[in-house]
Each structure stands twice: as structure tokens, then as C-alpha cells.
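Notes for the one structure printed next.
So you know, we letter chains A, B, ... as the sequences are listed, proteins then strands, and number each from 1.
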Amino acid sequence: MKNPLTIYNTLTRKKEQFYPLNPPMVGLYVCGPTVYSDVHLGNCRTFISFDIIYRYLLHLGFKVRYVRNITDAGHLESDSDHGEDKISKKAKLSQLEPMEIVQKYTVGFREVMNTFNVLPPSIEPTATGHIIEQIEMTKKILERGYAYEVNGTVYFNVEKYAAEQAYGQLSGRNLEELLDNTRDLDGQNEKKGRLDFALWIKAKPEHLMQWPSPWGMGFPGWHLECSAMSTKYLGEQFDIHGGGMDLVPTHHTNEIAQNIGYCGKSPARFWIHTNMLTVNGQKMSKSLGNSFLPHELISGNHALLKKGFSPMCIRFFMLMTHYGSTLDFSNDAMEAAEKGFARLIESRRTLDQLHASPNSSVNLTELQQKCYNAMNDDFNTPVLIAQLFEAVRIINSAANNKEQLNADDIQLLKKIYQHFLVDVLGLQAELENDKSREALNGVMNYLISLRNDAKQRKDFPASDAIRNHLNSIGIQIKDNKESSTWTFQ
RNA sequence: GGUCCUGUGGCCGAGUGGCUAGGCUGAGCUCUGCAAAAGCUCCUACAGCGGUUCGAAUCCGCUCGGGACCUCCA
């Protein structure tokens, strides 16, 4: 029997058994990128983590509606409800329309996601596409008394809300602590309380992105879009809401407050937060100068990088750490991952060439079970990968006649690889199903047969010449007992 | 300063009360015409101090170190 799926819930700070509100449907909402600049590798980690969660839920047979928004308006430079909209600012600097900025970085984001084999979500809604929904939500929150309007800006009344609800529940803080630690900033006299945040912001005339509303021309606050869009596509209550850990204290805390202010219901039953990517022990961030872009890591073209790595290798590297732990990037760790990943991928080809024995010396059902147990334990990809390396050992041993695999075993191994390596972890072997690769395979098999003929004749100078030449162009020959195989070095 | 998280072998990184994590590196062995690959074995760790327990990396306390958030950030 499989263990049940358990998920660490930020809301309760415990692992809890997962079951959907309306099986077999699962509603999953993840906060997507603000498209004002290139996504960096830390962003990628978050979306790869949720890709695993999405893929595993699909693998378990759930009908998942995965909503991941694109923030294309309303995200200010600072969270204190003043300052410029990030996209407007970039547009002015670049002398472009805000929507040109949005288009450019949205396309770039999708390309990067595709490079890392991240599945597209079911719905990818934008903030600007849901202005009406956000205005309606603001009206309702006002009606219910959780917000107030001052000079065309609508603020959420946190202190009133906190009198009835656990405002800081998600981040584990109480109101007094939050108040103590909030700075007084200039120009915020409009707010009744220091923790209040804007639902709708009055636009200055020169502001590039603004829309008519009952409170005049303006634009939505950052937190509101997620409340509006999750409610629209997943309902007032749904199964899982996720995002990066840095969104917990402000964005997600305010999102919950908005939803409860709107309809009295907390939006998600499970909150999943992914940890940060660090470089040399510090969070990857542009201001620290330690961030690099996906294509820089792929090409190796960056001061902090010794060499480049393939996208699947990078994905594998990230999955060797649990999503809830910080992942520290280093060249050494990447190189170690690269070697391990190559071994894993190579074993898949070895598996395809195995011949069945009449008997079996291994228990693959147990191995398969351990794979499920790993994923069911809060999507523990490092443990799953450890199990896959046990499969690698079995496959390589079988290739050397040190273990026996019958036809059923081989079928089951292929199934395990397909399910876990390809479907769940999303690790596609590069160059797979490539026509030129097929042709190359034919050429290589011919060369190998020539070399084996030479070996039969004990013409070792000839056989070594073939091997050495192939070596010099980056192809490595490996002799097994009965056959020879090749790989790129 | 406040809140929270965290400290595992040469490196990366799972594990939350007793049973081998795993990967990479290094050494040895086996296979092999040689080499490579592969398999096997070894280097058997839990920051420090104290406590709870028959038993702790795992629970509790203190000390020291690292990080995140509180200000935009996935």
C-alpha cells in the first residue's frame, strides 16, 4: 500500500495528509513573475519546484487546474504603497509602452520555462486582464467594512480585520510584533493604520497604466490580483496556494486578509512555500550582484561560473535538494550533479539494451514503492533520486550479469523510469528522439563492429586506433563483456 | 533590534528516537588484451556543552556559527 500524500502546510507548520476538496479535481495557484525584467535562476527554482508538485499530482491521477499569474501591473517598487509601478518605470526608462515591456519579459519567461522543461500551467492570467474583477472585489471589501477610501485610494483596514481574524497566522507573528516593527514612512498620512495596505491606488496624471474606477483613475494594488484571479478560476476556496518563501509575511498574508474580507473564507487549505536559492551562502539577488540568468548558467558566460551546464543538468541539480531547504549554488556542486546525472541518463540506455533472464534476483516492486513513498512525503525529490540510483546500480549490475532481471522486471524498470524520471521529475534526456542522433547511432554501431572484428583478430593497434580517434573527437567507447557501447564524454 | 529557520562525513545533500540515505571526490579490489565504464569495499558524519530516555543526529535547555523576513524580491 502506498503511503498517503502528505504536504508541509505553512499555515499549520506541520505535515498534513492531503486530500482535495472536490476529488478528483485539485485547484493549485502559484504566484508567478512580475514581468519587468529577466527571470533569474532563483525564480526558476520556485517554478521548477511547483512543476514537480503539479506533475506529481497529475501522475497520481488528479485533474489539476494549475493557475499561475503574470503580474503586469500594480507591483510597486516598494511595498508601502508609494513609489512607482515597476513596469511603468521600466517602460519610461526604455522609452517603450508598458505593454511592450510586459510582452518582452513574458515571452522571455515562457522560453526559459520551456528550456527547463517546466509544463505550462492550465491558466496564466494577467493582472491587467482582470481589472474589473479587482474593482468588484474592492467594492465588496468596502461594503463589508474592511476597507476605507481616502482621496481615490482604497486601503485595507488591517487593525479592524485583525480584531476578528489571525492576521499574522501565516508568518507566525502577532499584531503587536508587526506594529512594533513597522516603520513610519513619510507620505503615508492617509492610512489609518500603519499596517494598512492599498487595494486600489489613485494614479497621478503621468502614471502610464491607469483605469477608471468608482474612486477615480487608478490601478490595483499588488496583492489584489492574486485574490481576484484565484477566486475567479479556482473558487473562494481551493486546495493549494504556493509561492516563494519571501512572499509569506506580506503578499500572502495580505492575500488571505483580502479573501476573508471579501467573502469570509480563507482561500487555500494548503500553503506551500519554496525556499531560496543562495550563492555562496547568500540569497541570490540582483542588488547583491550574485545573481545570474538561466542562459548565463547554460553557457557558463558569467564571472562566477567556471563552465556551462545543460538545462536538464541544472534541473537535476535543483531537484537533489528538497524544495523547502535553501539550495546553495556552487561550481563544485554543479559539477558533481552533472556527473551523477550523466550516469543516471546513461543507465536508461543500458536498460533498453538489457536481455531478460529467466529468473529474478531483485525486488523492484519494493523499489517502486519507495519511489512513491519519497514523493508522498512532501514531494521529497532527493530521496526519490536516491531510489533511482538504486535502480541504476541494478541495471548496471544486470548488464554485467551480476544481477538477474526477468522480462517483468525489465518492464517494471522501464515503467519506473518513465513515471519518475520523465513524467514526475521532468528530466528528459537531451538529444532524445533526434534524427541525427539515430543516424549517428547507426554509424557508431558500424564502427564498433569494425573495431570488434579487429579485436577478434587480436589486431589491437587497429582497435585502439579506432577508440583513440573517437576519444579525440569526444566519443568514449565502453567495453562490456559481450558488447561495446558509446557515449559523449 | 524583533520574528522565524538552520548548522550532518573532503564537498553537495536526505533523514526527526533504535535499522546502509544518495550523489560527487579519494584509496583499494574485481572484470578486461590494455584503457574506459561498471560492480564491490573502505575513508562510518551528525557545531559545542548539559539534560530527558533503556537508547538521540533526531526531543528539551544554553552557548557559538550561518541564513531569511521585518524594505522590492520566487
Quiz item: With distance as the sole criterion, do the side chain of A:Arg13 and the base of B:C5 form a donor-acceptor contact below 3.5 Å?
Solution: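 Per atom types, no contact qualifies.
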Quiz item: For the side chain of A:Asp479 and the base of B:C31, is some donor closer than 3.5 Å to an acceptor across the two?
Solution: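 Donor-acceptor pair under 3.5 Å: no.
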Identify whether any heavy atom of [X] sits under 4.0 Å from a base atom; if not, whether one sits that close to sugar-phosphate; answer base, sugar-phosphate or nothing.
| X | result |
| --- | --- |
| A:His40 | base |
| A:Gly42 | base |
| A:Ser325 | sugar-phosphate |
| A:Asn43 | base |
| A:Lys283 | base |
| A:Asp328 | sugar-phosphate |
| A:Pro382 | base |

Self-check item: Phosphate-side-chain proximity, A:Asn468 and B:A35, N/O vs OP1/OP2 below 4.0 Å
Solution: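 Result: no.
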Quiz item: B:U3 phosphate, OP1 or OP2: any side-chain N/O from A:Ser171 under 4.0 angstrom?
Solution: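 False: A:Ser171 side-chain N/O out of range (4.0 Å or more) of B:U3 OP1/OP2.
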Provide, to the nearest angstrom, the distance between the [atom1] atom belonging to [X] and the [atom2] atom belonging to [N].
| X | N | atom1 | atom2 | answer |
| --- | --- | --- | --- | --- |
| A:Ile477 | B:A37 | CD1 | P | 14 Å |
| A:Phe341 | B:G23 | CZ | P | 16 Å |
| A:Arg393 | B:G22 | CZ | C1' | 13 Å |
| A:Met320 | B:G15 | CE | P | 14 Å |

Taking 4.0 angstrom as the limit, do [X] and [Y] come out as a salt bridge?
| X | Y | result |
| --- | --- | --- |
| A:Glu124 | A:Arg110 | yes |
| A:Asp352 | A:Arg348 | no |
| A:Asp479 | A:Arg451 | yes |

Quiz item: Any side-chain donor paired with an acceptor under 3.5 Å for A:Glu335 and A:Asn331?
Solution: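 There is no such pair (donor and acceptor under 3.5 Å, judged by atom type) between the side chains of A:Glu335 and A:Asn331.
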